[in-house]
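The sequence lines fix the lettering, A, B, ..., with proteins before strands; numbering per chain opens at 1.
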There are 2 protein chains.
Amino acid sequence: MHGRSDRESNRLFDQASGLGFLLHEGTRYPAGSTVLEAGCGVGAQTLLLARNSPYAHFVSVDISDESLARAGEQVSVEGLPNVTFCRADICKLPFRHGTFDHVFVCFTLEHLPDPLHALGDLKNVLRPGGTLTVIEGDHGSAVFYPDTMAAHQVIDCLVFLQQQAGGNALIGRELGHLMADAGFVDAGISLLPIYASPAIPGSSEAVKRIFIAMIEGVREAAVGGGLLDPEDWERGIRDLYRTTEEGGMFCYTFFKAIGKKMGAVP
Amino acid sequence: MHGRSDRESNRLFDQASGLGFLLHEGTRYPAGSTVLEAGCGVGAQTLLLARNSPYAHFVSVDISDESLARAGEQVSVEGLPNVTFCRADICKLPFRHGTFDHVFVCFTLEHLPDPLHALGDLKNVLRPGGTLTVIEGDHGSAVFYPDTMAAHQVIDCLVFLQQQAGGNALIGRELGHLMADAGFVDAGISLLPIYASPAIPGSSEAVKRIFIAMIEGVREAAVGGGLLDPEDWERGIRDLYRTTEEGGMFCYTFFKAIGKKMGAVP
C-alpha cells in the first residue's frame, strides 16, 4: 500500500497537486449530492474533491487510522467543511445499499486482490442512476527516452512486488472490462496522458518526486529480495533520472473510467 | 518502408481515414501558404491536408514513383486542385532555401537512418518563421489487454526489423530532442492517444486493419529470418487479435511535434 512512510505521504501530496488538474478535470458533483471516496489514503484526492465540489458532501473512507488522521489534518488546515472521514475496509463497507449518489475511487483498486468484487460492493452502496468514477495508473504505459533495459527492470520490480502483495500495477488497462464485468452501464474510458521533459517547467521534477520516488521506495524489497543485484538497481534508477535531464522525456498514461448504476433516479 | 504491397496501401488509407481526425486536429494552413509534405507515400495524409486547408497549396514529395502514382490517383478522384506531386529524396530536396511557409512530415522519419539530418534539410527549405509539423508513432506505447509475452514478441520483431532496415519504430518519444537538436524553436509536443475496445464501434476493427496488419506484414522476415519460430509467431498474432475481442482493449500513442524556424517572417 502507498501512503505509509513520510516520504510516501509527500509523494502522494505532490502527485495530487501536480496531477490534480489532469485527474479531476470534469469531476464535479452537484450541490447536495453525497459522494463516497473509497480509499482516501492520506487525503491527496480528498482535498481536490472537496475544493472542486464545495456543495457536495464527501464521505472519505480508508482502512488505516494513520492515513485518516493525516487526511483529516489536511482537510482541517484548508478549512474544508464538506468531508466526513470514516474508518472502513472498502471490501466490507458499513453502508446500506443505495446510500451514495456517486462514488469516486482513485489509486485504490491497484492494491486490491479482487478489484471486481470491490466494484460490486461499491455498486451496492450506490443508488440506481448514480455514477462510479475510477482513476488508476498503469506502469506498462511508461514510455521514456533514453530507453534502457535497466530502467525497465527497476519498474518491473515494482510491478512484480505489487503483484506479490496481491495488487496490480498494470490495472489501468483493465478498467474497461472490470466496469463491464461489475455491471456498470454507459461506461466510458478516458486516457489521461502526461508528457514530461526538461523543456516543460516542473514536469521532470514531478517525474522524480512521483514516479521515480515510488520505484525507489521498493529498493529494499527488490534488492534484498534478490530480484535485482545492487549494481543493476542503481543503473536502472540512474537511467530513470537520465530521462528527466536535457534531451530526455518521460510519459505515462492514467486511465479514468466513469460508469453508471443501472436504474432510474429515485 | 510502408506502402509497398496492395495490402499495405489499404492499411495506410484506412489509417488516414480512421485516425485523420486525431492526427490532423489543429493542422490547418492559411490561404495562400505553400506547404511541403515530405514523404507523402501513397497519399494517405495528402488527402486530409488538401481537404482541411483548401486554400493552401501543397507540394507532396516521395522517393517512390509507384507511391506517387497512387497518391496522384487518390487526389484526382477527389478533385482536389491544391496538390502538386514531385519525385524527390527527402534527404536531397530539390528546393531552394526558404521555399516553403510550412512543412508537414508524417510517418516518415521512422524510416530514415538519420532523422536529425533530415530535419536539418527540412529546416533549410523552410522560410524563417515557418513551422514544421511532425507526426510519428511509437510501438513501445502499445498497451493492451490481455497482455501476453507472445504479443510483445511479435511487436518486438517489427521493431527489430525496422531498426535493421535503418529505421526506428520507437521514434515518437524522440521527437522532442530531435526538434531541439535540429534547432527548431518554440517546439511543443502533443500526445495523441487512441483507445480501442469492442465497446467503441469501429475501434477494434481499426486496430486489426492498421496495427495487427502491419505486424503481420513482417511475418516472413521475422519467421524466415529466425527471429521467432512459427508457433510463437502464430501465438503472438492470435494474442493481439484477442485484444480486439470481448473484454479486451488496445491503446497506442502518436506523438505530434510542432516547431518554428527561428527568424522573422520576411
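- Inspection of non-hydrogen atoms places B:Ile189, B:Leu191, B:Pro193, B:Ile194 of residues 185-194 of chain B under 4.5 Å from chain A.
- Legend: residues meeting ring-ring contact (aromatic ring centres under 6.0 Å, His included) with A:Phe100, ordered by chain and number and at least two apart, are A:Phe95.
- Within the 4.5 angstrom heavy-atom criterion, atoms from both the backbone and the side chain of B:Ser141 approach chain A.
- Of the two parts of A:Phe250, neither the backbone nor the side chain holds a non-hydrogen atom closer than 4.5 Å to a non-hydrogen atom of chain B.
- By the ring-ring contact (aromatic ring centres under 6.0 Å, His included) test, B:Tyr252 pairs with B:His139, B:Phe211, B:Phe254, sequence neighbours left out.
- For B:Cys251 against A:Phe255, the heavy-atom pair with the smallest separation is SG-CZ, 4.0 Å.
- Residues that satisfy the salt bridge (Lys or Arg N to Asp or Glu O under 4.0 Å) test with A:Asp232, not counting sequence neighbours, are A:Arg235.
- At most 12 non-hydrogen atoms from other residues, nucleotides or ligands lie less than 6.0 angstrom from CD of B:Glu246.
- For the residue pair A:Tyr145 and B:Glu174, the shortest heavy atom distance occurs at CE1-CD, 3.2 Å.
- For a residue to count as touching a neighbouring chain, one of its non-hydrogen atoms must lie under 4.5 Å from one of that chain's; by this rule A:Asp181 does not touch chain B.
- Between A:Thr253 and B:Val143 there is no side-chain heavy-atom pair separated by less than 4.5 Å.
- Closest approach of A:Arg173 to B:Met249, counting heavy atoms only: O-CG, 3.2 Å.
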